[in-house]
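Lettering follows sequence order; numbering is per chain, from 1. The structure displayed is predicted, hence computed values, not measured ones. Computed from heavy atoms alone, side chains included, the values below leave out hydrogens, waters and symmetry copies.
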2 protein chains.
Amino acid sequence: MTAKRTAATAPVLRRISAEAVLQAMVSAGELTAGDLIAATGLSRPTVHSVCDELIGLGWVLETGGAASPAATGTQPGGRPSRRYTLNACAAFVVGIDLGATKVSCCLADLRGRIIVETTRPWRDEHVGALERVQIARRIMQELLDQAGLDAGQVLAAGMAIPAPVTDDGHAVALESYLPGMAALDLRTALQPDFQWPLLVDNDANLAVLAERWCGAAQGVDNVVVLLAGERLGAGICLGGRLIRGGGAAGEMRFLELVEGVGNTDAIGGMCRELGAIAAAEILAGDRPVAAGESVLVELAGRRPEDVTAEMVVEAARRGDPAAVEVVAVVMDRTARAAAVVSTLLDPELLVLAGGPAGAGDVLLPVFEQQLGQLNSARPRLAASTLGDHSALVGAVRTALDHAFESLLG
Amino acid sequence: MTAKRTAATAPVLRRISAEAVLQAMVSAGELTAGDLIAATGLSRPTVHSVCDELIGLGWVLETGGAASPAATGTQPGGRPSRRYTLNACAAFVVGIDLGATKVSCCLADLRGRIIVETTRPWRDEHVGALERVQIARRIMQELLDQAGLDAGQVLAAGMAIPAPVTDDGHAVALESYLPGMAALDLRTALQPDFQWPLLVDNDANLAVLAERWCGAAQGVDNVVVLLAGERLGAGICLGGRLIRGGGAAGEMRFLELVEGVGNTDAIGGMCRELGAIAAAEILAGDRPVAAGESVLVELAGRRPEDVTAEMVVEAARRGDPAAVEVVAVVMDRTARAAAVVSTLLDPELLVLAGGPAGAGDVLLPVFEQQLGQLNSARPRLAASTLGDHSALVGAVRTALDHAFESLLG
DNA sequence: GTAGTTTATTAAGGACTTTAATAAACCACT
DNA sequence: AGTGGTTTATTAAAGTCCTTAATAAACTAC
């Protein structure tokens, strides 16, 4: 079936070895040959040979020599070992989160450390698809200037968008999503300014990569991230691999089939829901709310239509009954969705990410309690530790993956 | 993180080459060196060298020579090519489907062709877990005798059971499932009679392997199989890989959260449902059914409590309104479940397997129509081509996978 | 300064692969 | 029957990469 045109020639071995060495270096800082032998199983001559080659390519630095900082002390005597370090600044990657309300861009080094970053809200929500892409492009140029880097030093870019993405790099048109976006071939969105390979994926998918990499799901192979900010989407990782289906895996439109949830169009993420429902509650209240009676109204500054998710959370934290009720309503919906996902996919861990992650102290207990009432599988629960950076960090992660993969191929 | 202790030593290359050659042979019958060169990308000397080695190990036969059957005609002149064939009888594998109502066992060769097979219903549904396993063991011995094989010629065994299975080979206890089964370590269930490695998995998971291998989902990487016989379970394959989650992925208990479906315990597969609901309908009918008025009653032989799924399907096929109604009710439930699964996982194809597969002509149109009414993703639909053999064939497939994997390691 | 210890480097040997050259086996034609 | 043409098998030579074993280097401690 699968005609593998790549014969198993000798250099394949070198590639395997180099990959092993490089991987050990990415997650470890300064290493001696002995460390690398332990990590890779290779012999000493091979390790040195591979490292020399990587040094030649610029990916690795030989650190220290005589004046290595931590070198003294650790070594019990004997010829000092050579010390190798990944050259994190040999190249860079780009991450872009083209969100519903704002755009975030960043530059990161080969370790994934973010060098420079900018977040900018859209002027208003009617900014068109093409213009959004152009804004991102302009920001990227600013960031490159700011960091003093050249576009040629960037190996790859990752981009998150709040909608499913097909394999050929097109956004799937959702009713609720930006018109015009689906018509773009996003893979070429940054051209002609930037020629780097652009990996586009949906924000929830990238969020799960991020959480597994350096967030709340490190070391967990079966995990679902509920990205619950402006929209509600799930990023699914099973068996250590991201699940994309035909591109639209993780969509939560099935909520309309779950009891207690209304029609599709109304389904947003928690932030939107918290604000919207709270506003509606207050506005629909048949009695006028007296000053001081409601923390929520207080926070909203007497303008209920301006109430935000943060206000609701803060009010709930202070015990405001109306806010607590709103939180309960929204979490109930989320819990039902989570129950379906958990039962069907049986993940070990469920991570709440996006806007609400910072309010984990308020939301998570409610969520846990409501999920417990449903007869579903019981995964561990956690709030994201990445704030609303999950998607952006995930974009960096895909870009890095791509960079390392194409690096030795 | 992952300390890979396997250094990239030279023999790794040979292993890669051998794997490529073997894989090409499994799916192709008799092959010349030229074919293998095209399939693997290896050079001619390497191909011959690998084949000679495999011949020495017994896995490959050199067929033909002078009297090869299809050899003449194809070759335009020149030195005749050596022809290699997988020695399908070099070893064997075992498949077992420990179903809810019956047990099926088989022996298959390295190509997966079933040599001998036996299906036997349980005496009654109260046969205990341990006894069921013993019965399977006895049947396997009979099959070995029948085929004239020795237990030592069997490389691996696969076993399907109608419940989730944990990684350590234990069935997950479900209310509806056989008491006592969860306490067994199924991996050692065939010992001490048979020492072969036993791969236990849930029937729906194995069904999806089978459908992809030689059923309705060949060549499809994103597919969900709804195994809808006595119970309802989903086998999920995404990105070409079986999704197991923590072992219980594919469970359909979320149906209780879907509108229009009652409590958990009542949820069975289509066969059970069709029979049960039809019986209830008939029995609850307030007017006595006149002879000839209902095809369904006719088929049931005036004993409504004995009505089977086959009868309902047959009656519906003949247009009996009551039967059509029952089919619609049952398919509605299935369609809702399928809508949730499709939306969340976005598979290309949905396969209906298990008992109902044979009745695809009746069920599929109804299913398709009802699924279409739901606002979900729209995968292609198909009925299994494996009858109720999906799980058994899948058990053979896992056993084969294991056998080939351990063969060159 | 010398013994002891740890690591780097060099050398030798083995397992693969590939390409190129040579030998074998068959057809078709005269 | 013999000879040319053609296709495939086999052998030979060269190269890459790994490993183990031996040798050299660099440093500490006494």
(request) Provide, to the nearest angstrom, the distance between the CD atom belonging to B/Glu19 and the C1' atom belonging to C/dC16. (result) 16 Å
(message) With side-chain contact (heavy atoms from CB on, under 4.5 Å) as the test, pick out the partner of B/Phe92 among B/Asp150, B/Leu155, B/Ile115.
(response) B/Ile115
(message) Check this one for me: any side-chain N or O of B/Ser49 less than 4.0 Å away from OP1 or OP2 of C/dC16?
(response) no
(request) To the nearest Å, give me how far apart CD1 (A/Ile16) and P (C/dT17) are. (result) 13 Å
(message) Please confirm whether the shortest side-chain N or O distance from B/Ser43 to OP1 or OP2 of C/dT18 is below 4.0 Å.
(response) yes
(message) Both A/Asp52 and B/Val50 contact DNA chain C. Which one's nearest nucleotide lies toward the 5' end?
(response) A/Asp52
(message) If the cut-off is 4.0 Å, is A/Thr9 near the phosphate of C/dC16, judged by side-chain N/O to OP1 or OP2?
(response) no
(message) Pairing donors with acceptors under 3.5 angstrom, does anything connect the side chains of B/Thr46 and B/Ser49?
(response) no
(request) Would you tell me whether B/Thr32 and B/Asp35 have side-chain atoms, one donor and one acceptor, within less than 3.5 Å of each other? (result) yes
(request) Round to a whole Å and report the spacing from CZ of B/Arg14 to C1' of D/dC17. (result) 16 Å
(request) Kindly say if A/Thr32 contacts the phosphate of C/dT7, meaning a side-chain N or O under 4.0 Å from OP1 or OP2. (result) no
(request) Answer yes when B/Arg82 and B/Asp52 have at least one side-chain N-carboxylate O distance shorter than 4.0 Å, and no when they do not. (result) yes
(request) For B/Ile37 and C/dT18, give me the distance from atom CD1 to atom P, rounded to whole Å. (result) 10 Å
(request) Measure the distance from CG on B/Leu42 to C1' on D/dA9 and round it to the nearest whole Å. (result) 17 Å
(message) Heavy-atom nearest nucleotide on DNA chain C for B/Ala18 versus A/Arg82: which residue maps closer to 5'?
(response) A/Arg82
(request) Take the protein atom OH of B/Tyr84 and the nucleotide atom P of D/dT8, then report the distance between them rounded to whole Å. (result) 13 Å
(message) Quick check for you: among D/dT20, C/dA8, C/dT18, whose closest atom lies nearest to any side-chain atom of A/Ser81?
(response) C/dA8
(message) Quick check for you: among D/dC17, D/dT20, C/dA8, whose closest atom lies nearest to any side-chain atom of A/His48?
(response) C/dA8
(request) Could you tell me whether A/Asp185 and A/Arg187 have a side-chain N and a carboxylate O separated by less than 4.0 Å? (result) yes
(message) With a 4.0 Å limit, can you tell me whether A/Arg44 has a side-chain N or O closer than that to the phosphate oxygens OP1/OP2 of C/dT9?
(response) no
(request) Report the nucleotide, chosen from C/dC16, D/dT11, C/dT7, that has the shortest atom-to-atom distance to any side-chain atom of B/Leu13. (result) C/dC16
(message) Check this for me, if you would: do A/Arg212 and A/Asp221 make a salt bridge, where the nitrogen-to-carboxylate-oxygen distance has to be below 4.0 angstrom?
(response) yes
Can you give me the N/O atom pairs linking the protein to nucleotides 24-26 of chain D at distances under 3.5 Å, or say none if there are none?
{"residue": "D/dA25", "atom": "O4'", "partner": "A/Arg79", "partner atom": "NH1", "Å": "3.3"}
{"residue": "D/dA26", "atom": "N3", "partner": "A/Arg79", "partner atom": "N", "Å": "3.0"}

(message) I need the minimum non-hydrogen distance between A/Ala156 and A/Ala399, along with the two atoms involved.
(response) CB-O, 3.7 Å
